[in-house]
4 protein chains.
Amino acid sequence: MTSTDLLDPLGVDGAADKITGDEAWLQALVAAEVALSRALVAADLAPEWMLGVAAALNDTSFLDLPALASAGRSGGNPVIPLVKSLQARAEGLHAGAGEYVHVGATSQDIVDTAAMLVSARTLEAVREHLLALGGGLAALAETHRHTPQAGRTLGQHASPTSFGFVVAGWLDAVSTLIERVTDARAGLAASLAGAVGTLSVLSQVAAERRPEHPSVDTVVSTYARELGLAAPRISWHSDRLPIVEVGSVLAAATGVAGSIGAAVAELSRTEIGELGEGLAEGQGGSSAMPHKRNPVGSVLIVAAARQTPGLLSTLYGSLLVEDQRAIGGWHAEWQTLRALQRHAISSVAAADALIGGLHVDAPRMRANLDLTHGLLYSERVSALLAERIGRARAFELVRQASAAVSASAPLSEVLDQQLAAEGFAHDDSVRAAVRGAFDPDSFVDQTSPAIDRVLARFAKVAATSPVKETLS
Amino acid sequence: MTSTDLLDPLGVDGAADKITGDEAWLQALVAAEVALSRALVAADLAPEWMLGVAAALNDTSFLDLPALASAGRSGGNPVIPLVKSLQARAEGLHAGAGEYVHVGATSQDIVDTAAMLVSARTLEAVREHLLALGGGLAALAETHRHTPQAGRTLGQHASPTSFGFVVAGWLDAVSTLIERVTDARAGLAASLAGAVGTLSVLSQVAAERRPEHPSVDTVVSTYARELGLAAPRISWHSDRLPIVEVGSVLAAATGVAGSIGAAVAELSRTEIGELGEGLAEGQGGSSAMPHKRNPVGSVLIVAAARQTPGLLSTLYGSLLVEDQRAIGGWHAEWQTLRALQRHAISSVAAADALIGGLHVDAPRMRANLDLTHGLLYSERVSALLAERIGRARAFELVRQASAAVSASAPLSEVLDQQLAAEGFAHDDSVRAAVRGAFDPDSFVDQTSPAIDRVLARFAKVAATSPVKETLS
Amino acid sequence: MTSTDLLDPLGVDGAADKITGDEAWLQALVAAEVALSRALVAADLAPEWMLGVAAALNDTSFLDLPALASAGRSGGNPVIPLVKSLQARAEGLHAGAGEYVHVGATSQDIVDTAAMLVSARTLEAVREHLLALGGGLAALAETHRHTPQAGRTLGQHASPTSFGFVVAGWLDAVSTLIERVTDARAGLAASLAGAVGTLSVLSQVAAERRPEHPSVDTVVSTYARELGLAAPRISWHSDRLPIVEVGSVLAAATGVAGSIGAAVAELSRTEIGELGEGLAEGQGGSSAMPHKRNPVGSVLIVAAARQTPGLLSTLYGSLLVEDQRAIGGWHAEWQTLRALQRHAISSVAAADALIGGLHVDAPRMRANLDLTHGLLYSERVSALLAERIGRARAFELVRQASAAVSASAPLSEVLDQQLAAEGFAHDDSVRAAVRGAFDPDSFVDQTSPAIDRVLARFAKVAATSPVKETLS
Amino acid sequence: MTSTDLLDPLGVDGAADKITGDEAWLQALVAAEVALSRALVAADLAPEWMLGVAAALNDTSFLDLPALASAGRSGGNPVIPLVKSLQARAEGLHAGAGEYVHVGATSQDIVDTAAMLVSARTLEAVREHLLALGGGLAALAETHRHTPQAGRTLGQHASPTSFGFVVAGWLDAVSTLIERVTDARAGLAASLAGAVGTLSVLSQVAAERRPEHPSVDTVVSTYARELGLAAPRISWHSDRLPIVEVGSVLAAATGVAGSIGAAVAELSRTEIGELGEGLAEGQGGSSAMPHKRNPVGSVLIVAAARQTPGLLSTLYGSLLVEDQRAIGGWHAEWQTLRALQRHAISSVAAADALIGGLHVDAPRMRANLDLTHGLLYSERVSALLAERIGRARAFELVRQASAAVSASAPLSEVLDQQLAAEGFAHDDSVRAAVRGAFDPDSFVDQTSPAIDRVLARFAKVAATSPVKETLS
């Protein structure tokens with residue numbers, strides 16, 4: 001039995017494992033078979049007593065996971081041995097019950113449906129974590145709506161912003177993700193199509209067992225509904241869009257979480273010090289440096305986001321299917337999809353925890369605004385001057401002044417002197433305007449409308465009733 | 001001036017270049033600036049005469065593309081030199097007009113907006129090609145609704161299907177793509193946010209020029225509407241979901257086109273021979289082999305689909321933004337996005353041409369059904385027997401019979417003899433049923449309902465009014 | 001404890017797990033610490049009795065893997081809790097022994113060294129499997145040196161080749177891989193550099209404990225030698241070339257195995273039927289189709305090869321290190337590298353098994369040569385005619401003849417008639433040459449020199465003494 | 001004609017275009033054909049006068065690149081129309097000369113050989129840039145051997161290092177790359193194998209034209225030698241290791257350049273300010289902020305390194321070849337390889353320029369060391385104390401002291417008081433040692449041996465005679 005915990009410190013807590021581990025996949029494979037048996041009953045293609053057998057099969061404790069995994073080698077997937085075990089168990093519960101297991105299905109139906117079930121649970125968990133994360137971000141944006149912070153582009157101080165505005169930017173991405181995750185969850189379809197996708201055997205069985213009223217559609221729709229999935233229009237054995245769509249939204253969620261992690265790690269740099277993880281006792285320590293308080297949560301979230309793009313590319317590669325079932329492309333999806341599921345759950349949950357415990361050093365943010373001795377205001381001052389003396393002259397004036405700035409000669413003073421030299425009197429409105437421009441709070445006010453829009457959107461997104469969970 | 005045509009035989013025809021080439025990107029950059037100037041007028045922040053200047057700027061013939069590209073090196077993007085050229089040109093047209101160019105914008109606003117404009121044109125073109133491709137597939141599915149074909153899984157004959165059903169599978173993926181492309185197009189948002197995303201300068205300019213009624217929102221909404229894009233809630237300088245969403249749908253389109261190409265190439269194999277490209281005189285030739293008729297269209301479509309997953313992974317990697325503008329992540333998007341745009345346009349158009357000229361050899365499909373001497377019917381026969389003698393016994397009987405099949409002893413005969421040996425009389429209903437099962441046409445009928453569903457969906461998707469093109 | 005076996009039918013047999021599983025990584029982490037303690041003794045920086053303690057620590061049965069994995073969350077990697085366990089255990093064995101554990105090392109030293117140790121075992125295993133695979137291919141190339149086969153380009157019959165030649169092509173790639181794997185193994189370096197790579201603490205300890213003769217170099221070189229790794233010139237904490245180089249060779253090995261798998265699966269197609277996997281009883285079966293004999297080994301090998309490129313891209317992304325230890329890039333390597341290790345071991349071993357059991361249907365190969373009624377010989381005939389009547393005329397003649405070929409009119413006859421029509425007499429040397437050209441055996445002979453070169457190279461590569469394994 | 005300059009500010013200067021642009025590829029395609037004609041003469045399979053014709057063909061000015069690119073669509077690559085043009089031109093120069101063009105070759109031979117020729121020029125250029133970069137780094141490492149700098153891990157100050165040591169780390173990676181690039185260049189092989197790789201036509205032509213002494217080997221070896229490439233043992237049409245090996249080294253070079261770029265950008269952050277790009281007048285400016293001095297060189301280098309991993313994954317995906325020529329995999333290599341070539345040339349050259357103009361602010365480095373009020377020395381102090389009072393007690397003492405540090409209470413004082421409280425007298429050697437430990441210069445000395453080793457290695461690598469360029 002292979003363990004993979006040691007190298008996955010973000011996923012080690014078990015939450016992702018509970019939803020996406022082998023046990024969960026096995027349960028999902030069984031759920032698909034059980035739903036099929038129940039759907040046969042609903043369509044009058046199996047006797048009522050099969051419902052009791054199906055219920056018993058759903059308790060997977062009788063299955064030997066390692067043995068199934070091992071036996072899966074010879075057929076290329078675990079469904080063949082699983083079906084044998086289920087049929088034997090069914091026969092043990094009720095003679096003849098094996099006839100109502102896996103009827104009309106092929107291995108890919110069961111694996112693909114299980115993939116969608118595990119994805120459903122994953123998307124629901126990611127949605128919950130995103131909602132929690134969004135809640136945390138919304139509170140943070142509100143709290144720091146008036147906290148000025150240096151806006152940075154390409155690593156350089158650029159112009160003032162507010163920390164609440166920065167957080168609102170993250171929140172809007174999270175709102176978008178919640179919509180995407182919700183849509184993706186709602187779109188998940190079951191697979192039930194038979195060997196080459198034509199539902200041939202099921203059609204035949206239906207025609208034989210209920211010649212007066214064949215009922216393939218009832219089977220397919222009941223099967224899907226039982227599982228909380230959509231019914232497919234046609235086989236998607238060789239149409240892998242459903243897989244890349246799930247993978248895309250999972251990678252996007254991990255990426256947005258990663259972006260928050262990257263920003264927190266960056267703003268936690270020793271030299272910047274504006275943010276800090278709320279590290280518990282012992283967290284963030286080093287094996288060599290007693291003083292170290294590493295932003296370990298951020299770092300691991302970033303690490304997850306660095307792994308997902310390559311994984312996603314594998315799924316997109318699997319779109320290339322040449323026949324009714326791909327040579328290898330299909331099999332390449334499973335571990336890849338699971339890795340994406342794990343990263344999404346772990347990293348969004350960790351981002352929620354990160355934001356929940358975030359330490360914001362507002363005084364440090366305020367202090368950092370002065371690091372460039374006023375250069376941070378050059379865009380504002382330049383625009384303000386442009387209104388009065390023309391853009392070209394203003395830009396050049398400020399550019400030259402910027403080059404002369406130092407700790408003892410802040411931009412405000414250099415510019416003031418420059419304007420004096422250009423003939424503007426001390427009480428001239430131009431000089432007055434420039435002197436008054438070096439005020440971070442005025443920038444902060446400008447960010448409020450956008451923050452409000454983002455908060456309102458999140459409130460609306462969060463208020464939307466969540467996806468119903470139909471698999472207990 | 002760099003040319004890239006020689007290594008891009010799929011994109012060489014110029015269609016993708018017209019939409020995504022440097023000229024198109026330059027036009028889009030200028031369109032963004034022009035829309036901004038027009039929006040200033042609309043918001044009463046620039047004089048009416050600026051509309052005439054803006055109209056003149058929109059004719060990019062005065063710009064020197066190579067010089068701009070070259071000058072873009074020093075600022076890291078072409079906007080800085082472009083703005084200088086536009087301002088100079090504006091001043092030449094009307095003194096003072098330079099004051100109303102690029103007001104409140106930053107380079108990233110213009111590049112991101114241009115990226116969305118080029119993406120809009122790309123998605124519209126891809127949508128048109130998908131509709132045409134869908135139309136071709138719909139016709140093909142209808143035509144070959146009753147054409148039996150061997151269904152193949154993992155390269156092996158599995159069970160009969162119809163070629164119309166196979167095509168319907170492609171069509172349903174195309175319908176999904178049309179929905180995705182339409183949604184993605186509708187969701188494209190402009191960018192106008194200023195240096196650190198706060199619209200600081202624009203707010204200030206609005207407050208100064210129209211203190212009684214500042215009108216930033218009017219500027220942003222007019223700007224976006226002029227460009228046929230959505231207005232952003234908040235800056236997306238550091239939220240790159242808009243980019244990965246466009247990239248994802250382009251990669252998906254290329255992947256689905258690639259899947260069709262892969263299937264055509266595979267079914268065109270010398271040994272299979274069921275499909276053939278409608279090669280024009282001279283197409284598909286070889287430099288060494290006079291007889292060669294290579295499936296060159298399919299091959300190039302597959303080649304495009306093999307390049308997109310890696311490109312898409314780069315875009316997902318750019319989600320990791322640590323500040324208000326990423327160090328390198330943003331710049332890594334441009335060439336990558338363009339390559340995805342090109343591949344999507346070229347490959348979907350080529351898939352449309354491929355399907356339009358496809359040669360379907362129905363007799364060969366029919367003949368191939370017999371290659372396994374009846375093994376193709378084993379699933380059907382097995383299910384049919386299972387209804388009569390139980391699944392386990394049926395599966396084992398057919399498995400053993402399958403192993404004894406040869407050209408001179410087809411499965412129908414082997415099974416018939418086996419059933420006789422098991423005591424079934426010649427006129428027994430079991431033997432009669434088995435004998436009647438080896439009929440491909442009965443499979444074909446089963447595929448009709450799904451084909452109908454898929455055709456109906458495509459008709460509905462195609463009937464939806466197309467996206468309005470607002471950029472002339 | 002997370003299991004991942006169910007979705008990994010190729011790796012489920014445990015071979016890859018034994019080398020790369022959590023237990024193996026834990027053992028490697030401990031091995032690094034033990035080697036460091038031993039190196040301290042060698043450099044006279046720890047007492048002789050520490051050797052006994054180190055030997056005891058090397059038996060990892062006292063460690064609680066799940067607890068360590070779980071505890072690794074708070075520091076971001078498992079080394080901090082591991083060091084605590086080792087120090088406690090050491091103290092339990094000999095008072096004061098804890099002082100000689102992890103001296104001068106940082107977590108990254110231990111994880112990176114463990115990564116190299118696991119990579120060493122992986123490369124050694126891959127090398128063994130490659131040698132076995134190469135042996136199988138060499139035998140196959142020899143056996144089928146004179147077995148003609150249709151050469152196929154872009155899916156179309158092109159010109160005759162021999163199956164032995166095709167196999168020799170695979171063998172040459174395997175020989176290249178063996179060289180690469182051997183080089184990569186030899187180049188693996190240990191890591192021992194301390195917090196920021198400067199060996200600061202170790203230098204200080206050495207200066208204090210042996211002021212007369214500080215001995216950092218002895219520690220580093222002994223540490224590396226103990227582990228069977230190279231000693232580093234300088235810290236590679238922020239130089240990740242060692243990681244991408246291992247990853248590259250593992251991905252290349254998986255890709256070449258995948259190429260063999262893809263070819264076998266393709267040539268096993270029902271319509272081609274030239275190759276078949278030597279499937280054991282029950283292997284390659286289907287849950288729905290009793291007759292199915294799926295090329296499951298090939299398929300799973302291909303699936304592995306489809307997963308590795310995306311994984312490798314993650315490692316290359318980790319080259320971007322901004323400081324003395326990367327924010328997330330380092331942590332993204334672990335699971336990715338392990339996945340690459342697993343795929344390489346599993347897929348090369350499976351390719352060896354595949355070749356070992358391969359069923360070659362030489363008569364079918366021979367029969368397939370005739371499928372195009374002589375078109376397969378068009379290149380040859382064209383070249384032969386070109387020598388006699390000029391290239392342009394020859395190419396055109398054969399092209400036209402090719403278009404007229406049918407089952408009842410093979411190319412040989414069509415051409416002969418065409419030449420007659422062009423005035424060549426029946427006994428003309430041109431017509432005679434053409435008539436004699438349709439002989440596959442003559443092509444086969446041409447392939448022998450290359451086969452010989454390839455076999456000789458493999459023999460030489462295989463004869464090179466294998467890497468010494470120094471970790472017992 | 002497609003231009004791609006606007007979105008490629010790093011590659012726009014033309015250096016990469018000159019080596020890898022369409023013109024260069026066309027020249028390489030022609031060079032392959034010319035070499036083949038010359039090789040035929042050398043093997044006595046073509047008349048001496050063909051040397052003159054070949055020389056004339058080598059001047060590609062008679063070729064119409066756009067027309068060839070366009071004509072390449074129908075065959076899937078530009079070789080078929082190119083061969084026609086070359087043959088026509090040859091016939092125009094000397095009647096019958098067309099018979100000695102492209103003899104025995106197939107399109108893939110010519111394209112693959114051209115890919116290797118362009119790769120040869122690329123690797124040679126990259127090698128030159130790496131040598132220059134290495135020279136700059138060596139000088140920088142020497143200059144700043146004694147410049148203390150804060151070592152940072154996970155964004156946090158960790159322990160002192162020297163800037164020279166950091167640079168030496170980059171230099172060692174560059175030295176490794178030079179070796180890899182040199183090896184990769186030396187290993188580049190020509191391709192000459194004919195339609196299915198068997199050299200069938202060439203063998204036949206040789207046998208016919210020189211029956212007494214067939215000379216295929218002479219042709220192949222002369223062809224390769226003429227081109228400055230290695231002669232292949234066997235066809236590599238379906239063995240794509242040569243492509244992934246070139247791609248890997250190019251991606252590694254771009255990644256290492258990117259790592260330097262990332263470090264420079266990071267250390268140029270406003271808050272860190274230790275490095276600055278030597279920006280020329282106008283470089284690094286902003287369209288909105290007059291004061292901005294963006295690290296635009298670093299940023300663009302990082303952008304290149306973010307694009308290469310995904311591109312490389314496409315090449316690894318092309319290892320999966322199912323026949324004698326891949327359906328799409330081969331065609332997917334061309335644009336991908338060229339993009340990798342461009343990124344490598346541009347980014348290594350830019351890294352060289354970056355290092356050449358780098359502004360190092362040593363006083364700022366020195367000042368930053370004090371930002372943590374001594375915490376930077378915690379590892380050192382802890383280790384020093386451990387030698388005297390045991391590791392556990394020392395680590396805990398320093399951990400507690402670290403938590404109490406502030407601007408007014410540096411670690412040195414807090415610890416001194418703590419030691420006093422623990423009973424150590426003022427003149428105790430323990431307290432004295434601790435007091436003396438807060439000295440960055442002592443760390444700097446420790447880094448010298450590694451710097452020396454790295455410098456020596458680079459000197460050796462640089463002294464190795466460069467690859468001979470054989471293509472003029």
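In what follows, chains are A, B, ... by sequence order, proteins preceding strands, each numbered from 1.
- For C:T447, the part lying under 4.5 angstrom from a heavy atom of chain D is the side chain only.
- Neither the backbone nor the side chain of C:A433 comes within contact range of chain D; no heavy atoms are under 4.5 Å apart.
- Looking at C:L312, only its side chain comes within 4.5 Å of chain D, counting heavy atoms on both sides.
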Show your reasoning for whether side chain to side chain contact (heavy atoms under 4.5 Å, CB included) applies to D:S259 and C:V321. CA-CA 5 Å; D:S259 191; C:V321 179; 4.0 Å; yes
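- Sequence neighbours left out, the pairs with a member in residues 308-331 of chain C that pass salt bridge (charged side-chain N to carboxylate O under 4.0 Å, His left out) are A:R269-C:D323.
- The contact between C:F165 and chain D is made by backbone and side chain atoms together, counting heavy-atom distances below 4.5 Å.
- Scanning both residues, C:A158 and D:V196, for their nearest heavy atoms gives CB-CG1, 3.5 Å.
- At a 4.5 Å heavy-atom cutoff, the contact between C:H331 and chain D is made by side-chain atoms alone.
- With D:R391 contributing its side chain and C:V101 its backbone, the two residues share a donor-acceptor pair below 3.5 Å.
- Between C:I234 and D:R457, the closest side-chain pair of non-hydrogen atoms is not below 4.5 Å.
- Ranked by heavy-atom pairs under 4.5 Å with chain C, the first of D:D239, D:L315, D:L199 is D:D239.
- Note on D:G197, D:P449, D:G328, D:P232: by heavy-atom pairs under 4.5 Å with chain C, the leading option is D:G197.
- Between C:L241 and the options D:V174, D:L177, D:D172, a side chain to side chain contact (heavy atoms under 4.5 Å, CB included) holds for only D:L177.
- Among pairs with a residue in residues 310-321 of chain D, those fulfilling side-chain hydrogen bond (donor to acceptor under 3.5 Å, both in side chains) read D:S248-D:Y316, at least two apart in sequence or across chains.
- In terms of heavy-atom pairs under 4.5 Å with chain C, the best-connected choice from D:A252, D:A392, D:G329 is D:A252.
- Of the two parts of C:V103, the backbone and the side chain both hold a non-hydrogen atom closer than 4.5 Å to a non-hydrogen atom of chain D.
- Chosen from C:V205, C:V244, C:V302, C:I260, the residue pairing most often with chain D at heavy-atom distances under 4.5 Å is C:V205.
- Distance check: C:F443 CZ to D:Q204 CD gives 7.0 Å after rounding to the nearest 0.5 Å.
- In this structure, chain D has heavy atoms under 4.5 Å from both the backbone and the side chain of C:L384.
- Counting all heavy atoms, side chain and backbone alike, C:E99 lies closest to D:A386 at OE1-O, 3.8 Å.
- No other option in C:G310, C:G390, C:S442, C:G169 has as many heavy-atom pairs under 4.5 Å with chain D as C:G390.
- Without hydrogens or angle criteria, D:R453 side chain to C:R233 main chain gives a donor-acceptor distance under 3.5 Å.
- With a 4.5 angstrom heavy-atom cutoff, C:A173 touches chain D via backbone and side-chain atoms both.
- C:E266 touches chain D through its side chain: at least one heavy atom from C-beta onward sits under 4.5 Å away, while N, CA, C and O do not.
- The contact between C:A150 and chain D is made entirely by backbone atoms, counting heavy-atom distances below 4.5 Å.
- Heavy atoms of C:P242 lying under 4.5 Å from chain D are absent altogether.
- There is a side-chain donor-acceptor pair under 3.5 Å between C:S200 and D:Q446.
- With a 4.5 Å cut-off on non-hydrogen atoms, C:Q87 touches chain D through its side chain but not through its backbone.
- Taking every heavy atom of both residues into account, C:L320 and D:A262 meet most closely at CD2-CB, 4.2 Å.
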Output, in order, the C-alpha distance, side-chain angles, deciding distance and verdict of side chain to side chain contact (heavy atoms under 4.5 Å, CB included) for C:T254 and D:L319. CA-CA 9 Å; C:T254 310; D:L319 286 173; over 6 Å; no
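- For C:E245, the part sitting under 4.5 Å from any heavy atom of chain D is the side chain, from C-beta outward, and nothing else.
- A salt bridge links D:R388 with C:E208; the closest basic N to acidic carboxylate O contact falls under 4.0 Å.
- When atom types are taken as modelled, the side chain of C:Q324 and the backbone of D:T153 share no donor-acceptor pair closer than 3.5 angstrom.
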